[in-house]
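So the structure is just underneath, and the comments pick up after that.
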There are 2 protein chains.
Amino acid sequence: MTETDPTQIKGFDRARQAASRALTEDYVEMISDLAAEFGEARITDLAARLGVAHPTATKAVARLKREGLAISRPYRGVFLTEKGEALAETVRARHRVVVALLCAVGVPKEVAELDAEGIEHHVSSRTLAAFEAYLTRKTD
Amino acid sequence: MTETDPTQIKGFDRARQAASRALTEDYVEMISDLAAEFGEARITDLAARLGVAHPTATKAVARLKREGLAISRPYRGVFLTEKGEALAETVRARHRVVVALLCAVGVPKEVAELDAEGIEHHVSSRTLAAFEAYLTRKTD
DNA sequence: CGCGAAATGTAGCCTCGGCTATAAATTTGG
DNA sequence: CCAAATTTATAGCCGAGGCTACATTTCGCG
């Protein structure tokens with residue numbers, strides 16, 4: 001029998017958990033963006049921006065509501081709760097840092113934006129802190 | 001109607017595609033590692049290292065076989081095809097670069113290993129090239 | 001105002017990647 | 001060499017997150 005390496009398993013588990021959080025984070029961020037732009041987030045716009053069919057967005061919003069991140073009434077826009085807004089701000093901030101770090105090490109801006117969309121969900125708080133410290137050092 | 005931003009959609013699509021590739025890449029890399037260690041990859045060891053139940057590993061291996069990345073006979077070990085080995089090497093190399101870059105910007109080694117497991121699947125070839133260039137610059 | 005267009009909701013289906021439980025084959029040790 | 005332990009396979013379930021098709025509600029405009 002192979003001696004089970006807990007560190008390695010932990011890495012895969014974390015990656016899987018991050019994958020399941022990614023959708024939530026994307027939707028919350030997008031709802032926040034749309035609210036800032038138009039005053040409310042509509043299902044159709046959410047679906048369009050995320051590149052999915054509307055029923056998919058409807059289901060996702062239902063999940064956000066279950067998790068206490070958003071509220072909505074039938075045939076009306078979607079709004080974030082305080083908890084949802086807080087998460088949105090966290091996600092947005094992390095996104096900015098990841099993009100900035102990628103650019104700082106020489107990744108072209110558009111590529112950085114594209115890759116950050118996937119990478120950001122896997123950046124732990126400790127790695128994020130290291131990124132921020134690096135950017136601060138480099139700026140000074 | 002919101003003006004659809006193609007760049008943003010592309011980012012989300014890429015992230016979703018990367019998520020579906022991630023499992024394949026993890027399994028292929030792990031099979032390669034086990035083959036190097038023990039001469040063959042057994043379903044039980046694969047499952048243990050990835051932290052899943054064995055039927056889950058069996059299903060995943062079936063998929064790899066469908067995709068021409070691995071071969072196996074009932075009750076025998078799993079082996080990579082040439083295509084599978086090539087993918088494994090690519091994945092392994094990318095993993096090393098990602099870990100090295102994280103370390104280079106100040107992420108502690110153990111954290112880098114954990115986060116890399118999730119991040120690596122979202123690093124495009126252009127970003128990878130930028131990482132390599134940065135590491136080379138820094139080393140010189 | 002009322003009607004057609006647009007937006008939202010609902011139903012139902014698919015695939016994937018987990019799981020448990022159970023069966024079959026293989027390996028191992030006495 | 002046979003029985004027990006281990007390993008692998010299979011069946012069947014679940015939830016997530018896609019989709020299409022169709023029903024319903026709201027909105028905008030003539």
Side-chain angles (χ1 to χ4, degrees), chain A residues 1-4 9-10 12-28 30-31 34 38-67 69-79 117-118 121, chain B residues 1-4 9-10 12-28 30-31 34 38-67 69-79 117-118 121:
Chain A
M1 184 47 166
T2 306
E3 73 292 342
T4 298
I9 292 182
K10 201 174 161 200
F12 290 122
D13 274 349
R14 280 179 36 135
R16 277 195 288 273
Q17 286 166 17
S20 79
R21 263 198 324 268
L23 259 289
T24 296
E25 295 180 350
D26 286 343
Y27 274 92
V28 164
M30 192 59 74
I31 292 169
L34 289 168
F38 305 109
E40 68 171 5
R42 293 154 69 244
I43 290 284
T44 297
D45 292 338
L46 265 177
R49 292 230 182 162
L50 291 162
V52 299
H54 19 342
T56 302
T58 302
K59 270 194 192 176
V61 168
R63 188 161 55 76
L64 296 184
K65 289 169 75 173
R66 273 202 309 274
E67 293 168 2
L69 295 167
I71 52 174
S72 75
R73 303 202 326 279
Y75 294 98
R76 288 286 173 257
V78 182
F79 299 91
E117 208 65 69
H121 304 292
Chain B
M1 183 46 165
T2 306
E3 72 295 342
T4 298
I9 292 181
K10 201 172 160 202
F12 289 121
D13 274 350
R14 279 178 38 134
R16 277 196 288 272
Q17 287 166 17
S20 79
R21 263 200 322 269
L23 258 288
T24 296
E25 293 180 352
D26 286 343
Y27 273 93
V28 163
M30 193 58 74
I31 291 169
L34 288 169
F38 305 110
E40 69 171 4
R42 293 153 68 246
I43 290 285
T44 297
D45 292 339
L46 264 177
R49 293 230 182 162
L50 290 163
V52 298
H54 14 2
T56 302
T58 302
K59 272 192 189 177
V61 168
R63 188 162 53 76
L64 296 185
K65 289 168 75 173
R66 273 202 308 274
E67 294 169 0
L69 295 167
I71 52 173
S72 76
R73 302 201 326 277
Y75 295 97
R76 287 291 173 254
V78 182
F79 299 90
E117 208 65 70
H121 304 292

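Order of the sequence lines fixes the chain letters, A, B, ..., with proteins taken first and strands second; residue numbering starts at 1 for each chain.
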Exercise. Step by step, would you call Lys65(B) with Val78(B) a side chain to side chain contact (heavy atoms under 4.5 Å, CB included)?
Worked result: CA-CA 9 Å; Lys65(B) 289 168 75 173; Val78(B) 182; over 6 Å; no
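- In this structure, Thr56(A) reaches the dC19(D) phosphate: one of its side-chain N or O atoms is under 4.0 Å from OP1 or OP2.
- Leu64(B) places a side-chain heavy atom less than 4.5 Å from the side chain of Ile31(B).
- Among the protein residues, Pro74(A) comes within range of the sugar-phosphate backbone only, with heavy atoms under 4.0 Å from sugar or phosphate atoms but none that close to a base.
- Checked against dG17(C), dT20(D), dG17(D), the side chain of Lys59(B) finds its nearest nucleotide in dG17(C).
- For the pair Arg73(B) CZ and dA9(D) C1', the interatomic distance rounds to 15 Å; values are reported in whole Å.
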For this session: Before giving the answer on side chain to side chain contact (heavy atoms under 4.5 Å, CB included), spell out for Lys59(B) and Val52(B) the whole-Å C-alpha distance, their side-chain angles and the decisive distance to 0.1 Å.
Result: CA-CA 11 Å; Lys59(B) 272 192 189 177; Val52(B) 298; over 6 Å; no
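- Nearest approach of Gly51(A) to Arg16(B), heavy atoms of both residues: O-NH2, 3.7 Å.
- The side chain of Ile43(A) lies closest to dG9(C) when the candidates are dG9(C), dT7(D), dC19(D).
- To the nearest angstrom, P of dT25(D) lies 13 Å from CZ of Arg76(A).
- If you take CG of Leu46(B) and C1' of dT7(D), they are 13 Å apart, rounded to a whole angstrom.
- At the phosphate of dG17(C), OP1 or OP2 sits under 4.0 Å from a side-chain N or O atom of Arg63(B).
- Closest-nucleotide positions on DNA chain C for Arg16(A) and Gly77(A) were compared, and the one nearer the 5' end corresponds to Gly77(A).
- In this structure, of dC19(D), dT20(C), dA24(C), it is dC19(D) that holds the atom nearest to the side chain of Ala53(A).
- The shortest distance between side-chain heavy atoms of Glu117(B) and Asp26(B) falls below 4.5 Å.
- Taking the side chain of Thr58(A) as heavy atoms from C-beta on, and the options dT10(C), dG18(D), dC19(C), the nearest nucleotide is dT10(C).
- Distances shorter than 4.0 Å separate none of the side-chain N or O atoms of Thr44(B) from OP1 or OP2 on dT6(D).
- The distance from atom CZ of Phe38(B) to atom C1' of dT27(C) is 17 Å, rounded to the nearest whole Å.
- Each of dT7(D), dT8(C), dG18(D) was ranked by its minimum atom distance to the side chain of Arg42(B); first place goes to dT7(D).
- In terms of phosphate contacts, Arg21(A) brings no side-chain nitrogen or oxygen within less than 4.0 Å of OP1 or OP2 of dA16(D).
- What separates NE2 of His54(A) from P of dA23(D) is a distance of 15 Å, to the nearest Å.
- Checking the phosphate oxygens (OP1, OP2) of dC16(C), no side-chain nitrogen or oxygen of Ser20(B) falls inside 4.0 Å.
- In this structure, the OH atom of Tyr27(A) is 9 Å from the C1' atom of dG18(D), given to the nearest Å.
- In this structure, of dC27(D), dA16(D), dA7(C), it is dA7(C) that holds the atom nearest to the side chain of Tyr75(A).
- Comparing atom distances between the Val52(A) side chain and each of dG18(D), dT27(C), dG18(C) picks out dG18(D) as nearest.
- When rounded to the nearest whole Å, the span between CZ of Phe12(B) and C1' of dG17(D) equals 15 Å.
- Atom CG in Leu23(B) sits about 13 Å away from atom C1' in dT15(C), given to the nearest Å.
- Residues Gly77(B) and Ser72(B) approach most closely at O-CB, 3.5 Å, considering heavy atoms.
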